[in-house]
Amino acid sequence: MEPHVTLEPDPNDPVQRKLRGALEDQLTSALQAATERVRASYRGESFDTVCRQLLDETRAGLHPDIAAGFEPDLDELARVAVAIMRGS
């Protein structure tokens, strides 16, 4: 599984549109690295624990300013957690 972050910038904000690709790449990289770390250390923890670990590990891999504003789609985070728990 290769989780990916997709942003939906304000179409009227040229700065958001310009930075979208680079920010998506950084967020995706942090999420993928977090997924690998959580998968490698998974030992039957609860769904809520796995979701929290994913979020914490992803934020830990980001610049503090970006981490503070990172609010992932919780459904997608849950999908990644379930895949980890199922071993896929």
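FYI, the numbering just counts along the sequence from 1.
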Taking side-chain hydrogen bond (donor to acceptor under 3.5 Å, both in side chains) as the definition, give me every residue that meets it alongside [X], ordered by chain and number, with sequence neighbours left out.
X     : answer
Ser46 : Thr49
Arg52 : Asp56
Ser41 : none
Glu45 : none

**Request:** Could you list the residues that satisfy salt bridge (Lys or Arg N to Asp or Glu O under 4.0 Å) with Glu71, not counting sequence neighbours?
**Result:** Arg59

**Asked** Does Arg17 have any salt bridge (Lys or Arg N to Asp or Glu O under 4.0 Å) partners at least two apart in sequence or in another chain, and if so, which?
**Response** none

Can you see which heavy atom on [X] is nearest to which on [Y], and at what distance?
X     : Y     : result
Ala78 : Cys51 : CA-SG, 4.1 Å
Leu55 : Leu77 : CB-CD2, 4.2 Å
Arg20 : Leu7  : NH2-O, 2.9 Å

[X]: what forms a side-chain contact (heavy atoms from CB on, under 4.5 Å) with it, not counting sequence neighbours?
X     : value
Ile66 : Leu23, Gln26, Leu27, Leu62, His63
Ser29 : none
Asp13 : Asp10, Val15, Gln16

**Asked** Hey, what do you get for CZ (Phe47) to CE (Met85), rounding to the nearest 0.5 Å?
**Response** 7.5 Å

**Asked** What's the spacing between Arg79 CZ and Leu74 CG if we round to 0.5 Å?
**Response** 13.5 Å

Quick check: does any side chain N or O of [X] sit under 3.5 Å from a backbone N or O of [Y], one acting as donor and the other as acceptor?
X     : Y     : answer
Gln32 : Pro3  : yes
Glu24 : Thr6  : no
Thr58 : Ala34 : no

**Request:** Before giving the answer on side chain to side chain contact (heavy atoms under 4.5 Å, CB included), spell out for Leu54 and Ile84 the whole-Å C-alpha distance, their side-chain angles and the decisive distance to 0.1 Å.
**Result:** CA-CA 10 Å; Leu54 280 169; Ile84 289 170; 3.9 Å; yes

**Prompt:** Is any side-chain heavy atom of Val50 less than 4.5 Å from a side-chain heavy atom of Val82?
**Reply:** no

